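A quick write-up on the structure given underneath.
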Amino acid sequence: MSSGSPIRVLPTPPRVVVPLRQHIGAPPEPVAGPKTLVSFGQKLGECRAFVSAPVHSPLSGTVERHTTLTLPTGIRTVAVPVSASGDNLSGRALLDEILGGDWDYERIKDVDPDEIAARVQDAGIVGLGGATFPTHVKLISAREKGVELLIVNGCECEPYLTADHRMMLEAARAVLCGALLAARACGGAGIAVAVEDNKLDAVRALEREAAGTGIRVVTVKTKYPMGGERELVPAVTGRLIPSGGLPLDVGVVVINVGTAAAIARAVLRGGALTHRVVTVTGAVHQPGNLLAPIGAACRDLLDFCGGIKPDAARIVAGGPMMGFALADLDTPLTKGTSGLVVLRREDVEREAETECIRCARCVDVCPTGLVPTKIALAARNELWDRAEKLHASDCIECGCCAYVCPARIPLVQLIKVAKARLAEIRRTAAERP
Amino acid sequence: MNNAPGKENTPLAQAPTLSVGPSPHMVSRDLSTRRMMADVIIALLPVIVVSFYIFRWFAIYHLLLAVITCVSVEALSMRLLRRPPTIQDGSAVVTGLIFALSLPGTAPWYVNLIGAAAGIFLGKVVFGGLGQNIFNPAMVGRAFVMIAFPAAMGASGYVSQSTGVDILTSATPLTALKQMGQGTSLMHLLMGDTNGSLGETSALACLVGGFYLCARGTASWRIPAGVLLAVTIISSAAYLIHPTPHWTPLHHLSAGALLLGAFFIATDPVTSPVTRKGRWTFGIGIGTLVMLIRYLSGYPEGVMFSVLLMNSAAPLVDRLTVPLPLGGSPGKRKP
Amino acid sequence: MTDDATPLERFLRGIIPENPVYRQLLGLCPTLAVTNNMKAAMTMSGAVLFVLLGANLVVSLIRGLLKPHLRILVFTLTIATFVTIADRFLAAFMYPMSKELGPYVPLIIVNCIIICRCEVCASRQSPAVAIADASGQSLGFALALASIATVREILGSGTWWGIRILPAGWDNWVIMVLPAGAFLTMGLLLGIANWLGTIRSETKGY
Amino acid sequence: MKLRYISEAWLVLLLATGFALALAAVDLAWKTRIEENKRRETIGQIPHLVPGAVRGQKEFVGKVYVYRAFDSAGRQVGWVLPAVGQGFADRIELLIDLDSEAEYITGLYVLEQKETPGLGANIIAAQWRKQFTGKPATLPLHVSQAAIGENEIQAVTGATISSESVVSIVNEAVAGFRRALEGWER
Amino acid sequence: MDLLVTLLLIAVGAALINNFVLHYFVGLCPFMGVSRRLDTATGMGFAVTFVISVASFLSWTLTYFVLRPGAPLTTWLLHREVDLSILNYIVYIFVIASSVQFVEMYVRRFFPNLHRSFGVYLPLITTNCAILFACLEIMKHVSGVEDPARVWGLPQALTLAFFAGIGFTIAIVIMAGIREQLDVADVPRALQGAGIAFVVAGILAMAFTGFTGVDRGLEKILKPAPSRHAASPSARIHSRGGEQ
Ligand SMILES: Cc1cc2nc3c(=O)[nH]c(=O)nc-3n(C[C@H](O)[C@H](O)[C@H](O)COP(=O)(O)O)c2cc1C
Ligand SMILES: Cc1cc2nc3c(=O)[nH]c(=O)nc-3n(C[C@H](O)[C@H](O)[C@H](O)COP(=O)(O)O)c2cc1C
Ligand SMILES: Cc1cc2nc3c(=O)[nH]c(=O)nc-3n(C[C@H](O)[C@H](O)[C@H](O)COP(=O)(O)O)c2cc1C
Ligand SMILES: Cc1cc2nc3c(=O)[nH]c(=O)nc-3n(C[C@H](O)[C@H](O)[C@H](O)CO)c2cc1C
Ligand code: SF4
Ligand code: SF4
Ligand code: SF4
Ligand code: SF4
Ligand code: FES
């Protein structure tokens, strides 16, 4: 729906609210108190822990009183509101600053690999594919362990989302630059860009730019959830990630295209992660892909896209399969929000749940090879040891099972409960050896 | 402060139209439990039509009686248990149809009534209703009456197409084989102009309906594939050891309730395993048991027994075939 | 259990509230095996009554002299003796019935009802109580067997105690005299017993 | 130590003695009755099975175990051959009566069977068993739906398998017995 | 060869056709009581198989040599045929109790792992009627059988016992699988527990009816009808007829 529309720039909002904890790991501490003046890219939150990432102001302006809020993911965090001053970059200039302009492959050779990781950390880059895991941690452990291949994940996470697609079309060079830098930071891994086979235009764009760099562009089948690392790594390399393991365990590291572009900007231009490309689609009047400041209210994005249509019934941050429903339109955009999908009543309405008839559709569709129906039943009856035996912890929460279930059983929720419970049990067991 | 974001401050700011809910936020619409049951009924149509053509009045009357009995017993039981009514999901109709199709046309009315009631009650209601039963309700009903009224359950007559309207007494193809060593022509087995239970006579009708079910994805193709595979292998081996020109492996495949059973009965999702390997195991198990019973036991046919036996093993099969998660190997999990 | 119940209470308790079959799920094997007709079921109940009375009486009489570690040995010895006597009696005077009951008479030796009563009641109580207890439990057992046998014989053979009660046109439910029918009847009757039990406790509660 | 065992076990010993006496008494009192019951079922049947016979006597013909039936004058009037085999549901035990030449079957009695009541169990019906009377012992018998031939037996309705079982038990036993008889010197 | 076929038939009969639990209703207490979980059910199955084999061995030996009328040992000792069969039941129950003790001791000593996995069930088995039933079945084929050709030897007795144990294991394991699944089903309250277990056992018994006659079928295939025609050349018998 929005893959044909070029990235537009959201006009500078008058005010942004930047949550400090947008990633997996320790929360950063606020470093800009109320009433201080901050400039574009200045740190708002700083962190001491290794697995964490700083947060930067996307605007020049004045910091207001900090608040706390709950993100749709359920994370509670301190947020720093910043009201914009008049001198912010906007429009084309901003786009050029972040994605456009000239990206010179030659400069990459001169960068010291340690420097890359340090810059990435300083720029607050976290995985933009949705997991929001701090990227420098990934790069450093990849270097320590030694990886052979860096996969740039150009699959579109979910149906409806097109941000990554546009990015590959419009900023292919930035993405590849970031990939080269990341590979260098990992100790010189080979690079493959994985793109789904319904985005051949992106493949062509990437191939054009990749000429002479040794980067391979690989097409993979268009099938949700191909973007998940557990599916992607085998599809590209033929290697299976062991249960409970990471791509690192098979010598691979995966980063998202947005992450790659952010790395390029951080290392070559010294810019922090302050903006991201977001798909706004569904029941809005002018769906599209926006370059928006992190911390902007979702309402601003939706309004810029012409507002929601009357039959809108639910707004989802992320994609329709794994995203989180917004309870509040003022919820700020975070680093991990790849899209805003406005669903209509008929999309979200579902028949009443009935008994599982063991049709095994969920089993057939589960990309991880689990038996969702049995895990869900175990969770419902609180039989945790049974859930454990059924490998509940391996679920990637892709939602495929719940999508196909003819009995409309909320499988993912039940499995998530089991996962959480099992993690808890494991934790207490570890504490009491 | 007043417009600071957060659930606490501005609940559902915009519109009463907005709702929150857990992911995934969309569901596939092409299937629901009811649609699946409707599919089975559609797929049974060729079988039902053939049974009308061959058994005439017997077929109509048994099908009606069984469906009405099944639906009313289910409705009544749910009332009695003070549970919400469940007949609208259509599974009781399917049970009734399949039960009726597994009866010989000449079965007396009370056999039908008792069997249908026993099937729904003992086979389904006591386990808690749709989706919870261990055994195939139609086969529980059939086994109940087969053991309760063995004499009445012999297929002893049908309306012959070749001679008009009389009720002929003739052995079913399998009984003729077992007791008199007689064969039946493949053409008859295919078209269904033989004696037997209402739904089992025509191999062709079962195949047509069965392929529809598998193509729709309502039934898992792995189960019938497993059944047919096992029957083919075992009967071919037996044929090679002891060739019987009047009864080839093809006869074994198309005679008796094998095809009806493989496509419509073994595939009952509720009572079969859910894992892929489990479904193969289940199908192959049924095929093997059918051949064991046909060759060795006192009964001419073994579909019903095999289905019930494998139903009983399905929970075990499921347990032993829990697939490893992608890339997983047991014991490799990180603590 | 509390143990100063009078003999009469003991007797009554065994019949319904502590029915060995429905409430305690004891002695299941003979319960199912011999209930395809009333005659066999009642003969079995008689044998159980005899053994239980005998064993309870003997155990109760010698209860003061019992050493704990020899207890089970003495019980077993006593029970096996009485069972042998019952078995021989049937073979001598009711030969066809003895053949019909077959191994289920000797199986009374391991019938849990008897060991349970010896252990719980007779080894602690006076002979009078022990006898009342034995009779109550046996009556409870007999009633349970009778209920199952009634269902099975009427449906399965159209008769009750050998007397035809269903019309001649009745087609016997052969399954009822076979093992499957025994299990099904037992399961459903247990369900009904539980259901009545809950209804009773509910109405008491209000 | 040992003494303690004995002092503790005295009760057991006493009981055991008591029980042993009781059992001995029971055995003495009822044993003959029980034996008589059993005998009545086998040898005791002979007068009813073999026309003219008044008593039977155990005998081994070769390795085959049979009863000889004698009339009041002490002449042999027939043989009674016990036989077992697998029926539809469980073992079937038969007594087969042959004339003294072992050329004709003179009767059949079902000692034990657990076939389905109403179906296979009908093999005990005198009506059905009567078919065997007068059938030749020299030819194997066959089951058929409508018995016409000299060596054909009509199946019990709905219980072809039980009928076949009985017939094959009879065939096997009779053939074996006749083989044994052949080499047997009296 | 004939013996092997006989043993095969006994085995199939004991394990499938006349399954101890589903056909003879013995061993119901453990079948109902210990079938809630698969692992305990398996343990119980093996424990019963083990004890039933040991107890049957002992009871066959005692019955064959000592207890039955005309048993060799008593005849030799007392110089006349005596019938001690009145002691059968008492002897069996002691044999069972002591084999349980013995098996437990032995297993604990030499197979501690095995003991950990099913040792706890052993004492429970003492009062399990399946074991006594096996002893009684063997007795039926040893004691008081008039035709010596039909008296069971040790191989028959052990085959019956072992495969009865296997049949018990099959039944209890299937039952445990089903009950684990029923744990998550919405069974009406009055039927929960034993009620539904009996219904399941009933349906299992119906399903096992399908095996009826398998032994006969096997026999037909393995022992082709022993010379129904050829064995008695009627001409010769006819000629002998006159001599009799
Ligand atoms: C079900 C599922 C689907 C995913 N789909 C995508 C996707 O389409 N594109 C993507 O970049 N990451 C996707 N991810 C996240 C990737 O698994 C992986 O975390 C990411 O590519 C790593 O890059 P990052 O750290 O730069 O985000 C998905 C994850 C899951 C669990
Ligand atoms: C679905 C289905 C399952 C059946 N299962 C069995 C079975 O397990 N055993 C059996 O003897 N007949 C079974 N039948 C019936 C036989 O196919 C056929 O009617 C039988 O051979 C009639 O033989 P009879 O009249 O000699 O008993 C089944 C029929 C259907 C339609
Ligand atoms: C519960 C049940 C019990 C049966 N019992 C017997 C039986 O005791 N004897 C027998 O020969 N066949 C028995 N049968 C087998 C069928 O009746 C079979 O179709 C029959 O042997 C065919 O014989 P027919 O050709 O005389 O009808 C039984 C079948 C069932 C379902
Ligand atoms: C493919 C398919 C096959 C079915 N086959 C049967 C069947 O053989 N017998 C039956 O009683 N119900 C059948 N049903 C209906 C339903 O699943 C069944 O009644 C459940 O076992 C009730 O819980 C079938 C349903 C489907 C979708
Ligand atoms: S898809 Fe739904 S109905 Fe089908 S097996 Fe899975 S949970 Fe059950
Ligand atoms: S959400 Fe469902 S389909 Fe996806 S991995 Fe988990 S269990 Fe499998
Ligand atoms: S007597 Fe033994 S076997 Fe029976 S219930 Fe009691 S403990 Fe279980
Ligand atoms: S005596 Fe036995 S049955 Fe009665 S309450 Fe005590 S343990 Fe239960
Ligand atoms: S009565 Fe048979 S095991 Fe308990």
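Side chains are part of it too, since the values below use all heavy atoms of this structure and drop only hydrogens, waters and symmetry mates. All figures in this text were calculated on a predicted structure; none of them were measured in a lab. Each chain gets a letter, A, B and so on, in the order the sequences are listed, and its residues count up from 1.
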Under 4.5 Å heavy-atom distance to chain E, tell me which part of [X] shows up: side chain, backbone, both or neither.
| X | value |
| --- | --- |
| B:Leu309 | both |
| B:Phe127 | both |
| B:Val125 | backbone |

Can you tell which part of [X] gets under 4.5 Å to a heavy atom of chain B, answering side chain, backbone, both or neither?
| X | value |
| --- | --- |
| E:Leu218 | both |
| E:Ile196 | side chain |
| E:Val184 | backbone |

- E:Thr169 and E:Thr49: side chain donor to acceptor below 3.5 Å: yes

Do [Y] and [X] have ring centroids that are under 6.0 Å from one another?
| X | Y | value |
| --- | --- | --- |
| B:Tyr295 | B:His252 | yes |
| B:Tyr110 | B:Phe149 | yes |
| E:Phe46 | E:Phe50 | no |

- Beyond-backbone contact of E:Phe163 with E:Val12, side-chain heavy atoms, under 4.5 angstrom: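 A side-chain contact is absent here, since even the closest heavy-atom pair is not under 4.5 Å.
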
- Task: On the 0 to 90° scale, with breaks at 30° and 60°, tag the E:Tyr64-E:Trp60 ring pair as parallel, tilted or perpendicular.
- Result: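 Geometry flag for E:Trp60 against E:Tyr64: parallel rings.
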
- Query: Which one, E:Gly202, E:Ala185, E:Gly210, E:Gly177, leads in non-hydrogen pairs under 4.5 Å with chain B?
  - Reply: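 Between E:Gly202, E:Ala185, E:Gly210, E:Gly177, the count favours E:Gly210.
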
- Residue, of E:Leu38, E:Asp215, E:Ile17, that accumulates the most heavy atom pairs under 4.5 Å with chain B: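 Greatest number of close heavy-atom pairs with chain B: E:Leu38.
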
- Task: Against chain E, work out which of B:Asn311, B:Leu308, B:Val126, B:Val307 has the most heavy-atom pairs shorter than 4.5 Å and name it.
- Result: B:Val126

- Message: Suppose the criterion is side chain to side chain donor-acceptor pair (under 3.5 Å): which pairs have a residue in residues 115-141 of chain B, not counting sequence neighbours?
- Response: A:Glu355-B:Gln132, B:Glu74-B:Lys124, B:Ser91-B:Lys124

